[in-house]
Asker: 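The structure's right below; bear with me while I get my questions together.
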Amino acid sequence: MSNTESVGWGLQKAQQRVELLLRHTQEFLLEPKLLSVALEELSVVLEELQQQYDELLGNRYQQHEELLTLRQTLKQQQQRYQALFNTIADGYLVTNVQGVIQEANQVVGNLFGVRQQLLVGKPLLVFVANADHRAFHTYLTRLQAGAQLRAWTIQFQPRDGESFPAMVEMSAIYDDRGDLTGWRWLIRDITALKQAEAILLKELASEKELGELKSHFIETVSHEFRTPMAIILMSAELLERYGHQATDEKKQQYAERIRSSIRRLDALITNVLSYSHAEAGKQPFNPTPQKLEAFCQATVDLHQSSEGDRHTLHLDHDGSCDVACIDTVLGQQILNNLLSNAVKYSPAGTSVLVALWCDDNHVIISVQDAGIGIPSEQQSRLFQPFYRARNVGTIPGTGLGLAIVKQAIDLHGGEITVESAVDEGTTFTITLPLTQ
Ligand code: ADP
C-alpha cells in the first residue's frame with residue numbers, strides 16, 4: 001500500500017471511530033469507562049495517522065529533492081548536447097519524415113548561408129542543387145520505404161554562392177511506439193576532398209601520359225637513329241661497289257648524304273644528352289660575350305649548306321645588335337633546333353626568315369617559316385618534353401627539340417613565344433637579356 005493510500009485508510013478508520021463515539025454518546029453517559037476506551041482507540045488511530053502523514057510529507061520532500069536533482073541533470077545534459085550540436089565540424093540537422101527541418105546546428109547555417117534560426121520549418125530540399133532534386137527525392141522515398149542506405153553524396157546549393165558537394169549520413173528517429181518520426185542528418189562539405197581527388201586524378205593521368213610519351217619517344221629515337229644510319233650504310237655500299245664507275249658529281253652526292261645523316265645523328269644525340277643533363281640539373285651554363293650577327297649568320301649558313309636549294313634561309317638584321325652574353329653551346333642549340341624545325345615542317349621551295357634586333361636590354365631573335373603551322377589548341381604544350389602536335393603526319397621527330405630550347409632559354413633568363421596558323425606558317429620569337 002502506498003503512503004497516500006495508507007493515509008486515506010487511516011482517515012477512514014478515524015472517521016469510523018468518531019462516528020462510533022457519536023452513535024454511542026448515550027451509552028457513554030451511562031458507562032463513562034466505555035468512553036475513555038473509545039477515546040483511547042481514537043487517539044491511537046490519530047497517532048498512527050499523524051505518523052503516516054509525517055512519512056508522507058517526508059517522502060514528498062524526498063521526491064521533490066529528487067525531482068530537482070533530476071531536472072538539474074537534465075538541464076546540464078541538454079546544455080552539453082547543445083554545445084556538442086553547435087561545435088561539431090559537420091552540419092547536423094533533424095527533419096521530420098518529409099524532410100522539413102526541425103533543428104539545425106550553426107554549421108548547417110554557415111553551409112547554406114542562412115541564419116540558424118531561419119532554417120527551422122524549411123524543407124531541406126530547397127538547399128539541394130536543382131540537378132540533384134530527383135536523386136534527393138529517390139533517396140528519401142527509398143529510406144521511407146525502409147531501405148538501408150549508407151552515406152551518399154549530393155550537391156547542395158547555398159542561398160548565395162557556389163554549390164558544393166556533400167557527404168550525407170542519415171539515421172532514423174523513432175518514437176516510443178516504434179513509429180518513424182523523422183531523420184537525423186550529418187552533412188559534411190567534401191569540396192576540399194573532391195578537389196584533392198581531382199588533382200590526384202589529373203596527376204595520375206599526366207603520369208600515364210608521360211609514361212606513354214616516354215615509350216613513344218624510345219620508339220621514335222630508335223627510328224630516328226636507324227634512318228640516318230641506313231642512309232650512311234647504303235651510301236657507303238654504293239660508293240664501295242660502284243665508286244670506280246661513278247662520276248665525281250655522283251660521288252660528291254653520296255658523300256653529302258653521309259655527312260648530312262651524320263649531322264642528323266649528331267643533332268639527335270646532342271638533344272637527347274642535353275635533355276637528360278638538364279633533367280638531372282647538370283646542364284653546364286657558361287655565358288660568354290658573343291657577336292650576335294656573326295653568331296646567327298654562322299648558324300644560318302650551316303643550315304643553308306645542308307638544305308641545298310630545298311629552302312632559302314635568310315638572316316635579317318637592322319644593325320641594332322652588338323654583343324650579348326650567351327652560352328655558346330646552348331645558344332647554338334636554340335637556333336639549331338628552331339631552324340631545323342622551320343625547314344622540317346615547311347614544304348620545299350619555301351623560305352625561312354631569321355630576324356635579329358636589340359633594344360636597350362634585350363636581344364630578340366625570331367624564326368619564321370611558311371610551313372604546316374601548329375593547331376592553336378596544341379600550342380601551349382609544345383615545350384613539354386616528347387610532345388608533338390597532331391598534324392606532323394610522317395615527319396620524323398622526337399618531341400625533345402623545343403623542350404631543350406625552353407630549358408636553354410630559361411637558363412639565360414629569357415622567354416620564348418609562338419605564333420602560328422595551320423597551313424600558313426609559324427614564328428618562334430625568343431627574347432634574351434643582353435647581360436647575364
Ligand atoms: P620534334 O622532334 O617533333 O620536331 P620539337 O620539340 O622540336 O620536336 O617540336 C615539338 C612539336 O612542335 C613538333 O613535333 C611539331 O608538332 C611542332 N613544331 C615545332 N616547330 C614547328 C614548326 N616550325 N612548324 C610546325 N610545327 C612545329
Side-chain angles (χ1 to χ4, degrees), residues 209-210 212-228 260-261 263-279 283 299-300 303-304 306-307 310-315 330-355 365-411 415-430:
E209 195 183 356
L210 199 65
E212 281 166 7
L213 284 171
K214 276 186 179 161
S215 59
H216 174 67
F217 163 72
I218 292 168
E219 263 172 52
T220 12
V221 166
S222 340
H223 176 260
E224 284 280 280
F225 268 104
R226 275 206 203 104
T227 318
S260 78
S261 297
R263 272 202 295 271
R264 195 166 149 191
L265 280 177
D266 184 51
L268 183 64
I269 293 169
T270 313
N271 270 352
V272 173
L273 280 179
S274 288
Y275 176 71
S276 64
H277 276 151
E279 277 291 278
Q283 178 68 60
T299 318
V300 170
H303 279 266
Q304 182 66 76
S306 62
E307 275 304 302
R310 275 198 303 274
H311 291 95
T312 313
L313 283 87
H314 180 70
L315 174 67
L330 295 181
Q332 269 165 4
Q333 233 170 3
I334 295 172
L335 262 189
N336 277 338
N337 279 329
L338 292 180
L339 283 175
S340 50
N341 277 351
V343 295
K344 186 165 72 168
Y345 295 110
S346 307
T350 55
S351 302
V352 172
L353 180 69
V354 181
I365 304 170
S366 70
V367 177
Q368 183 185 8
D369 65 53
I372 62 170
I374 304 160
S376 55
E377 70 282 4
Q378 292 172 15
Q379 290 173 12
S380 61
R381 302 185 62 191
L382 295 181
F383 303 101
Q384 289 175 8
F386 316 121
Y387 187 80
R388 305 198 71 209
R390 303 231 182 279
N391 62 333
V392 293
T394 55
I395 303 171
T398 56
L400 270 187
L402 287 182
I404 292 162
V405 167
K406 177 82 169 74
Q407 284 168 343
I409 290 173
D410 285 348
L411 279 175
E415 274 180 13
I416 180 162
T417 56
V418 58
E419 271 175 77
S420 184
V422 172
D423 294 333
E424 284 181 23
T426 303
T427 305
F428 283 99
T429 306
I430 58 176

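In each ligand, atom 1 is the first atom listed, and ligand 1 is the first ligand listed.
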Asker: Name all pairs fulfilling the salt bridge (charged side-chain N to carboxylate O under 4.0 Å, His left out) condition that reach into residues 376-387, sequence neighbours left out, sorted by first residue then second.
Answerer: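 Qualifying pairs: E209-R381.
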
Asker: Do any pairs count as a salt bridge (charged side-chain N to carboxylate O under 4.0 Å, His left out) and have a residue in residues 389-411, sequence neighbours left out, and if so which ones?
Answerer: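 Residue pairs passing salt bridge (charged side-chain N to carboxylate O under 4.0 Å, His left out), neighbours aside: K406-D410.
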
Asker: The test is side-chain hydrogen bond (donor to acceptor under 3.5 Å, both in side chains); show your working for H311 and D369 and say whether it passes.
Answerer: CA-CA 10 Å; H311 291 95; D369 65 53; over 6 Å; no

Asker: Enumerate the residue pairs fulfilling side-chain hydrogen bond (donor to acceptor under 3.5 Å, both in side chains) with a member in residues 391-402, sequence neighbours excluded, ordered by first and then second residue.
Answerer: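 Every candidate side-chain hydrogen bond (donor to acceptor under 3.5 Å, both in side chains) pair involving residues 391-402 fails, so no pair, neighbours aside, qualifies.
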
Asker: Who's touching ligand 1 if we go heavy atoms under 4.0 Å?
Answerer: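 Lining ligand 1 at under 4.0 Å, by heavy atoms, one finds N341, A342, K344, Y345, D369, I372, G373, I374, L382, Y387, R388, A389, V392, G397, T398, G399, L400, G401, L402, T426, F428.
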
Asker: Does the side chain of Q368 come within less than 4.5 Å of F428's, by heavy atoms?
Answerer: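 When only atoms from C-beta onward are counted, Q368 and F428 do not touch, as no gap falls below 4.5 Å.
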
Asker: Specify the closest pair of heavy atoms between V422 and I374, including all atoms of both residues, with the distance to one decimal.
Answerer: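 Minimum heavy-atom contact is CG2-C, 3.8 Å.
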
